[in-house]
Amino acid sequence: MTTPTLRDVAQLAGVHPATASRALNPQTRPLVNAETARKVLRAAESIGYQPNPIARSLKTARSATVGLVIPDLTNPLFPPIVRGIEDVLTTAGYNAWIVNTDNDPGREERQVESLRSRQVEGLIVATARRDHPLLLRLHRQGVRLVLVNRRVDGLELPSVTADDDAGIAMAVAHLASLGHTKIAHLAGPQQTSTGVSRARAFRHALLDQGLADDPRLTVECGYWSEAEGAQALRRLLDSGAEFTAIVAGNDLIALGCYDVFAERGMTCPDDMSVVGFNEMPFLDKMRPPLTTVAIPHYEIGVEAARLLLDTIEEPDRHPRSVLLAPSLVVRASTAPPR
DNA sequence: CACCAGGGATTCATCCGGTG
DNA sequence: CACCGGATGAATCCCTGGTG
């Protein structure tokens, strides 16, 4: 008992395999007599025929598959983005292979290699660093790339990002309106474009609010993680700096702060207000629920997939980038200073 | 070691019968 | 006879495992 092939369908419908192929393909179906096409479809249906994409790509040299390179799928930020990507891809007849890099360049290289060997038609990459030799090389080799959330210095690639300037400005304005004047920033890693742009936006936002920009109140995290966020906040507190609110580089960094509050007997928001960034799932279930800058995850995925499909269909098109508007979600982690 | 067959689907080139 | 819609023949894609 083997799985049915096109030959079986053709035989059952009493036509040539070439005819069956055309009948089964919506684009080529008009070439086939309507009655014949109906017969073929019925035959295919009756034996449970599924086209074999491996055989198909043998001839077409296309895989209808794209690679999705993310740091770690267990980070709740990614599932909604992946969902948006997948919804667009499937309607276009494409599928996604997902790989996790764990932010390890070696692993990333191997995973990308494996994707390329499977003939993916392009890559959506959410792991870009400002200096990223692998992406540089892939671009030079003509691999179609779309970046999500991040950019690479000196490399003009299609990308989808949230408007960091606007998002951070909202966070700072919110804290300022509550009466905070000494606000700290736990910046994301400065090897990532997002870490840099949010830190820069933070300084601008302070000035816009007429607040002093004290460089000692900005601390960099080595990774976008709770542990690094916690570590950064400990350093800041231990330095003796005075502040009443924190703008975190992202939500994970903000959640890391919660651990430090517990360690040090501080309460949020009474002793310290915190704003995150990203609006990853479940923040409303935290104690206290985290105020954050929401970015449209699903839309980000949708746009990323569209950009990639665009470059596949129109390889010579000038790289287009999409900037999506964030919004502030006020919850209970922010309050006026004591 | 070189060579070939075979896997499944697609597609260019060709053929067929019917019509004006 | 030319033309047309519709169906088909056969080559082809790339790689691997087996054969001589």
Side-chain angles (χ1 to χ4, degrees), chain A residues 1-70 82 85-101 105-125 127 133-146 157-158 304-317:
Chain A
M1 168 96 164
T2 58
T3 50
T5 69
L6 186 68
R7 199 167 304 279
D8 300 321
V9 175
Q11 200 169 22
L12 185 60
V15 300
H16 193 274
T19 306
S21 166
R22 294 206 173 92
L24 290 168
N25 264 305
Q27 295 94 327
T28 48
R29 190 168 303 151
L31 299 172
V32 178
N33 178 287
E35 179 57 37
T36 311
R38 218 172 305 129
K39 256 197 315 198
V40 171
L41 285 154
R42 223 180 300 123
E45 166 85 11
S46 75
I47 59 176
Y49 170 74
Q50 287 296 334
N52 181 333
I54 298 176
R56 172 183 284 151
S57 62
L58 201 53
K59 176 67 182 178
T60 60
R62 308 196 44 209
S63 63
T65 297
V66 307
L68 184 45
V69 183
I70 61 179
V82 172
I85 291 173
E86 197 202 39
D87 283 355
V88 170
L89 289 181
T90 44
T91 47
Y94 277 76
N95 278 101
W97 283 88
I98 301 176
V99 298
N100 299 272
T101 68
R107 184 178 160 99
E108 178 173 65
E109 181 143 12
R110 288 190 301 277
Q111 296 282 49
V112 166
E113 205 173 283
S114 141
L115 289 172
R116 292 191 66 194
S117 74
R118 291 181 157 76
Q119 312 300 312
V120 294
E121 294 182 36
L123 297 175
I124 295 175
V125 179
T127 56
L134 174 62
L135 289 180
L136 237 56
R137 198 183 81 213
L138 292 173
H139 176 63
R140 237 181 289 122
Q141 292 174 343
V143 177
R144 319 222 170 289
L145 298 169
V146 170
L157 291 175
R306 286 208 184 117
L307 286 185
L308 186 57
L309 291 175
D310 281 354
T311 57
I312 290 172
E313 282 160 23
E314 277 184 77
D316 299 327
R317 188 184 188 141

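The sequence lines fix the lettering, A, B, ..., with proteins before strands; numbering per chain opens at 1. Model, not experiment: these values are computed from the prediction.
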For the pair A:Leu41 and A:Leu24, evaluate side-chain contact (heavy atoms from CB on, under 4.5 Å) and give the outcome as yes or no after the intermediate values. CA-CA 7 Å; A:Leu41 285 154; A:Leu24 290 168; 3.9 Å; yes
Nearest-Å distance, CZ (A:Arg62) to P (B:dA9)? 18 Å
Hey, is the side chain of A:Thr5 poking within less than 4.0 Å of OP1 or OP2 on B:dG8, counting only N and O atoms? no
Just to confirm, is there a sub-4.0 Å distance from OP1 or OP2 of B:dG8 to any side-chain nitrogen or oxygen of A:Arg56? no
Whole angstrom value for the distance that separates C1' of B:dA9 from CZ of A:Arg7: 9 Å
Using atom CG of A:Asn52 as one end and atom P of B:dG6 as the other, report the distance to the nearest whole Å. 18 Å
Quick one: A:Leu24 CG to B:dA9 P, roughly how many Å, whole number? 9 Å
Nucleotide C:dG5, atom C1' - distance to CZ of A:Arg22 in whole Å: 12 Å
Derivation and outcome, side chain to side chain donor-acceptor pair (under 3.5 Å), residues A:Thr127 and A:Glu108: CA-CA 9 Å; A:Thr127 56; A:Glu108 178 173 65; 2.6 Å; yes
Report yes if at least one side-chain N or O of A:Asn33 is closer than 4.0 Å to OP1 or OP2 of C:dG5; otherwise report no. no
Under 4.0 Å between a side-chain nitrogen and a carboxylate oxygen: does that hold for A:Arg38 and A:Glu35? yes
Considering only heavy side-chain atoms of A:His16, the closest of B:dG8, C:dT8, B:dT10 is C:dT8
Counting just side-chain N and O atoms, does A:Ser21 come under 4.0 Å of either OP1 or OP2 of B:dA9? no
Distance test, side-chain N/O of A:Tyr49 to OP1/OP2 of B:dA9, below 4.0 Å: yes
When you measure from the side chain of A:Leu58, which nucleotide among B:dC12, C:dC13, B:dA9 comes out closest? C:dC13
For a quick check of understanding: with a heavy-atom distance under 4.0 Å over all strands, which category does A:Ser57 fall into, base, sugar-phosphate or nothing? nothing
Is A:Val69 close to A:Leu115 at the side-chain level, that is, under 4.5 Å between some pair of heavy atoms? yes
For the pair made of CD in A:Gln119 and C1' in C:dC15, what is the distance, rounded to whole Å? 11 Å
Mind calculating the distance between CZ (A:Arg118) and P (C:dC14) to the nearest angstrom? 19 Å
If you take all heavy atoms of A:Thr65 and A:Trp97, which pair is closest and at what distance? CG2-CD1, 2.6 Å
A:Asn25 CG to B:dT11 P, straight-line distance once rounded to whole Å: 7 Å
